[in-house]
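Given the structure is predicted, the values throughout are model-derived calculations rather than measurements. These values consider heavy atoms only, across backbone and side chains, with no hydrogens, waters or symmetry-generated copies.
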Amino acid sequence: MLLDALLRQLSTQFAIVRSPQVPNLMITQVQFKPGPTVANTLQLWCDDTKLQIYAQNQVVATLPMAKGDTTLPLKVLTACGAILPSAVQDNAILDLAIAANTADFQVTLAQAAGMLGDPLGVLQLDGQKFVRVTNDCLAPESAVSRFLAAHVPAIDPDQFYQHLYVTTPEQSPTPLLLTPLSYHNNALGYLAMAITATPLMPKHLAIFPQLGKLIAHVAVAQQVIEKKLSARDQLVNLLLDSPVDANWAAQFRLQHAELPTACVIVQALPTHDHDLGALRERLSYLAAPMFAQVLITIAHQRCLALVSVALTAYHSPDFHAKLKKLAEQAQCRLIVSHFYTDPGATKAAAAVCAKAAQLDRQEAVIFCEDVAFDLMLTQVEDGDSILPFFVDPAIQALAQYDAQLHSDLVKTLAAYLAAMGNQVATAATLFIHPNTLRNRLQRIHELTGLDLKDAQTCFKLAASYKVAAYLHAKKL
């Protein structure tokens with residue numbers, strides 16, 4: 001296909017900026033690799049801001065790219081593969097699968113590497129250690145292995161693209177094409193291809209995931225990767241279903257885990273059409289690099305994760321940001337229990353999460369401690385008739401005043417309570433002058449007699465706002 005026609009087709013899918021002069025070339029293949037171009041070949045390479053497309057040693061087009069976005073090259077390669085189709089080695093993969101029934105795992109892995117033209121390695125789920133490799137460039141003393149072992153997290157799959165992604169220089173000195181290895185929705189690790197001998201081409205993106213499925217099954221069958229990972233996750237079920245036992249710590253050690261004494265339990269609710277098995281698998285890949293220890297299981301028709309976290313970390317913005325990122329990437333909502341230090345409290349913590357999940361809140365991440373008041377309100381019998389009496393009559397009086405005179409005293413009082421009585425912060429939140437705020441607070445005092453400098457009064461008023469919001473949300 002002529003280069004001009006290829007770029008025109010690509011421009012229907014991507015925001016391509018073409019160079020003024022595009023040579024009249026016939027293009028037969030595309031590859032992701034810098035350096036001198038090959039005849040009839042389109043080459044892609046990227047920096048922090050753009051993806052560059054080369055032909056005949058000159059840039060013929062560019063695409064803007066977000067920093068660290070490893071998905072754009074894969075998307076462009078896939079699109080080029082659809083425009084310039086090449087034969088996928090389905091028969092070769094089938095032959096490899098048949099031979100793998102009797103062949104040693106290392107032989108199968110080497111044959112798969114031969115099909116791709118680049119070294120392969122099986123990487124643990126935490127991304128820090130290769131279990132098996134086909135070339136010394138991934139061996140324990142190699143630059144890649146030393147780099148991964150020294151970094152936590154070594155592999156951080158920020159963005160999945162068709163279950164593939166390419167590592168960045170911050171993640172590995174040699175680019176690695178990664179695809180997840182899983183067995184019956186149990187996350188096992190990654191199949192990694194070191195992009196060294198053969199540049200990355202569309203055919204790799206077609207073959208690599210198929211080889212990943214094959215390698216995963218052979219690895220489990222030949223116990224290269226033991227199925228202890230699934231047994232490890234079952235430790236959560238032990239805490240949920242068994243009474244407190246002195247043998248718990250030994251059970252955890254048996255599965256190369258640590259009985260947590262500082263943790264939270266997290267319930268994951270899918271927001272897309274994912275079954276719980278697929279959600280658990282996705283969470284395993286995304287969460288493993290984020291936390292020191294995370295165990296994910298399906299128990300009682302719920303997807304639950306036990307996350308080890310210190311009290312200081314639990315209250316840190318970083319922990320909240322990680323959970324928000326996890327929910328977004330895994331396409332789910334997360335209900336996070338209160339922090340606890342007694343493993344025997346796991347069952348109760350999970351029960352609180354289940355009740356919080358029924359509150360019909362739509363935030364991506366909900367901490368149970370933030371909805372504790374709402375949870376308590378749900379336990380009040382005949383709440384529709386009783387709870388209105390818990391709304392302070394002062395708020396009702398202010399609401400009536402606002403309705404008659406079109407003022408904002410209810411809103412002002414709410415902002416004042418949220419700012420913990422800080423008048424400067426309250427005025428800034430409401431975008432009003434401090435004098436205007438003082439006049440409103442004085443008017444609130446005149447209408448209600450409330451002493452807004454009294455802590456107990458402010459606590460009762462804040463509770464009233466919580467009750468009112470709950471009644472409004474439940475249409476009671």
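Side-chain atoms of Pro73 and Val166, non-hydrogen and from C-beta on, never get closer than 4.5 Å to each other. Side-chain contact check for Asp136 versus Ser142: every heavy-atom pair is 4.5 Å or farther apart. A heavy-atom distance below 4.5 Å is found between the side chains of Pro260 and Leu306. Residues His315 and Leu311 form a side-chain contact, since some pair of their non-hydrogen atoms from C-beta on lies under 4.5 Å apart. Within the 4.5 Å cutoff, the side chain of Tyr470 has no heavy atoms near those of the Lys466 side chain. Considering only heavy atoms from C-beta on, Phe367 comes within 4.5 Å of Leu323 through its side chain. Looking only at side-chain heavy atoms (C-beta outward), Leu409 and Arg440 come within less than 4.5 Å of each other. The side-chain heavy atoms of Lys324 and Leu334, taken from C-beta on, include no pair separated by under 4.5 Å.
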Task: Evaluation steps, side-chain contact (heavy atoms from CB on, under 4.5 Å), between Tyr285 and Leu125 - done: CA-CA 7 Å; Tyr285 283 112; Leu125 189 59; 3.5 Å; yes
Open item on the list: I'd like to know whether Leu239 forms a side-chain contact (heavy atoms from CB on, under 4.5 Å) with Ile265, so could you lay out the CA-CA distance, the side-chain angles of the two residues, the decisive distance to 0.1 Å, and finally the verdict.
Closed with: CA-CA 11 Å; Leu239 301 184; Ile265 193 84; over 6 Å; no
- [ ] Applying side-chain contact (heavy atoms from CB on, under 4.5 Å), run through Val122 and Phe105 and close with a yes or a no.
- [x] CA-CA 11 Å; Val122 175; Phe105 178 82; 3.9 Å; yes
TODO: Please report the C-alpha distance between Leu177 and Leu205 in whole Å, then the side-chain angles of each, then the deciding distance to 0.1 Å, and finally whether the side-chain contact (heavy atoms from CB on, under 4.5 Å) criterion is met.
DONE: CA-CA 9 Å; Leu177 179 66; Leu205 305 187; 4.2 Å; yes
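Heavy atoms only, all atoms of each residue included: Leu164 and Phe208 are closest at CD2-CD2, 3.5 Å. When every heavy atom of Thr426 is checked against every heavy atom of Asn422, the shortest pair comes out as OG1-O, 2.7 Å. Val294 and Ala305 make their closest contact through CG2-CB, 4.2 Å (heavy atoms, listed as atom of the first residue, atom of the second, distance). Of all the heavy atoms in Ile395 and Leu461, the pair that sits closest is CD1-O, 3.9 Å. Closest approach of Thr179 and Pro209 over heavy atoms only: OG1-CA, 4.1 Å.
When each of Asn135, Thr134, Val133 is paired with Cys137, the side chain to side chain contact (heavy atoms under 4.5 Å, CB included) condition holds for Asn135 and for no other.
In this structure, CG on Asp318 lies 4.5 Å from NZ on Lys322, to the nearest 0.5 angstrom. The line from CD1 of Ile335 to CD of Glu363 is 8.5 Å long, rounded to the nearest 0.5 Å. Thr297 OG1 to Leu235 CG: the interatomic distance, rounded to the nearest 0.5 Å, is 9.0 Å. Interatomic distance, Tyr416 OH to Ile444 CD1, rounded to the nearest 0.5 Å: 9.5 Å. One finds the CG atom of Leu413 at 13.5 Å from the NZ atom of Lys411 (value rounded to the nearest 0.5 Å). For the atom pair OG1 (Thr436) and CG (Leu430), the distance works out to 10.0 Å, reported to the nearest 0.5 Å.
Ser337 places no side-chain N or O within donor-acceptor distance of the main-chain N or O of Ala349, the cut-off being under 3.5 Å. Without hydrogens or angle criteria, Glu281 side chain to Ser182 main chain gives no donor-acceptor distance under 3.5 Å. A distance-only check finds a donor-acceptor pair linking the side chain of Arg282 to the backbone of Gln329 [under 3.5 Å]. Side-chain atoms of Ser308 do not come within 3.5 Å of backbone N or O of Cys263 as any donor-acceptor pair. The backbone N or O of Ala278 sits less than 3.5 Å from a side-chain atom of Asp275, completing a donor-acceptor pair. A donor-acceptor distance shorter than 3.5 angstrom exists from the side chain of Asp402 to the backbone of Val410, with no hydrogens or angles considered. With hydrogens and angles ignored, the 3.5 Å screen pairs no side-chain donor or acceptor of Arg438 with any backbone N or O of Gln423. Here the side chain of His217 pairs a donor or acceptor atom with the backbone of Lys213 at under 3.5 angstrom. Between the side chain of Gln210 and the main chain of Ala206, a donor-acceptor pair closer than 3.5 Å is present. Side-chain N or O atoms of His300 include none that pairs as donor or acceptor with a backbone N or O of Arg302 at under 3.5 Å.
The aromatic rings of His320 and Tyr314 sit tilted, their planes meeting at an angle between 30° and 60°.
Enclosure of atom CZ in Phe339 by more than 12 non-hydrogen atoms of other residues, nucleotides or ligands within 6.0 angstrom is indicated. Counting non-hydrogen atoms of neighbouring residues, nucleotides and ligands closer than 6.0 angstrom, the CD atom of Glu328 reaches no more than 12 such neighbours. Counting non-hydrogen atoms of other residues, nucleotides and ligands closer than 6.0 Å to CG of Asp451 gives a total above 12. Atom CD of Glu141 has 12 or fewer neighbouring heavy atoms from other residues, nucleotides or ligands inside a 6.0 Å radius.
Using modelled atom types and a 3.5 Å distance limit, the side chains of Tyr401 and Arg443 yield a donor-acceptor pair. For the residue pair Thr346/Tyr340, the side-chain donor-acceptor check at 3.5 Å is satisfied.
In this structure, Phe373 has its ring center no closer than 6.0 Å to that of Tyr465.
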